Amino acid sequence: DQGAHTLAKALKTNTKLTLLNLGYNDIGNQGVHSIAKALKTNIGIKTLNLDYNRYDDQGVHSLANVLKKNTVLSYLYLYCERFSTKGAYY
C-alpha cells in the first residue's frame, strides 16, 4: 500500500497520464483509498485497472465516492477482487 500511496501523491497533479494499470500489485484498502483521493483532483486518468489486488468492500466504497464527482474516469476494471455483493452496490 505504500507504493500506491506514493503514486497517489503524484497523481494529484498529473494531467498527462490517461491510462493507469495497477493490476496484480497487491494493493489493499489503504492503497485504494489513497488512489481514490487522488482521483478527486486528477483530470487525466480515463482508464484505471485495479484487477487482482487485495482490497474489499472498504476499497470499493472509496472508489464509489470518487466516481460520484470524477467525470473523466470512463473505464474502471475491478476483476477478481474480494468485495461482496454489498460492495458492488456502492
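Keep in mind that what you see is a predicted model, and the values were worked out from it rather than measured. Side-chain atoms are counted along with the backbone in the values below, which use heavy atoms only and exclude waters and symmetry mates.
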Next on the checklist: Donor-acceptor check, side chain of Asn70 to backbone of Leu67, threshold 3.5 angstrom: yes or no?
Outcome noted: no

Item to check | Asn42 side-chain N/O to Asn14 backbone N/O, donor-acceptor pair under 3.5 Å | outcome: yes

Checklist entry - Would a 4.5 Å heavy-atom cut-off, applied to side chains only, mark Leu73 and Leu48 as touching? => result yes

Checklist outcome for this item: So NZ of Lys40 and NZ of Lys69: to nearest 0.5 Å the spacing works out to 5.5 Å

Checklist outcome for this item: For Ser62 and His33 the tightest heavy-atom approach is OG-ND1, 3.1 Å

Checklist entry - Taking everything shown except Ile43 itself, do over 12 heavy atoms lie less than 6.0 Å from its CD1? => result no

Checklist entry - Hey, does the side chain of Thr18 reach the backbone of Lys16 with a donor-acceptor pair shorter than 3.5 angstrom? => result no

Item to check | Derivation and outcome, side chain to side chain contact (heavy atoms under 4.5 Å, CB included), residues Ile27 and Leu22 | outcome: CA-CA 8 Å; Ile27 299 171; Leu22 296 175; 3.9 Å; yes

Next on the checklist: Donor-acceptor pair, distance only, cut-off 3.5 Å: does the side chain of Asn25 make one with the backbone of Asn53?
Outcome noted: no

Checklist entry - For the residue pair Tyr52 and Tyr79, does the interplanar ring angle fall in the parallel (under 30°), tilted (30 to 60°) or perpendicular (over 60°) class? => result perpendicular

Next on the checklist: For a side chain to side chain contact (heavy atoms under 4.5 Å, CB included) check, start with the C-alpha distance between Asp1 and Arg54, then their side-chain angles and the critical distance, and finish with the verdict.
Outcome noted: CA-CA 10 Å; Asp1 286 348; Arg54 58 178 177 80; 3.7 Å; yes

Checklist entry - Can Val72 be reached from Leu11 by stepping across I, L, V, M, F, W or Y side chains whose heavy atoms are under 4.5 Å apart? => result no

Checklist entry - Can you name the closest pair of heavy atoms from Leu78 and Tyr55 and give their distance? => result CD2-OH, 2.9 Å

Item to check | Test item: Asp51 side-chain N/O and Asn49 main-chain N/O as donor-acceptor pair under 3.5 Å | outcome: no

Item to check | Side-chain heavy-atom pair Tyr77, Thr47 within 4.5 angstrom cut-off | outcome: yes

Checklist outcome for this item: For Lys12 and Thr41, the nearest pair of non-hydrogen atoms, with its separation, is O-OG1, 3.4 Å

Checklist entry - Val66 and Lys37: which non-hydrogen atoms are nearest, and at how many Å? => result CG2-N, 4.5 Å

Item to check | Audit row: Leu20, Leu50, side chain to side chain contact (heavy atoms under 4.5 Å, CB included) steps and yes/no | outcome: CA-CA 9 Å; Leu20 184 59; Leu50 289 168; over 6 Å; no

Checklist entry - Given the rule that I, L, V, M, F, W and Y join up when any side-chain heavy atoms are under 4.5 Å apart, are Val32 and Leu17 in one cluster? => result yes

Checklist entry - Looking only at heavy atoms, what is the nearest atom pair of Ser34 and Ala4, with distance? => result CB-O, 4.4 Å

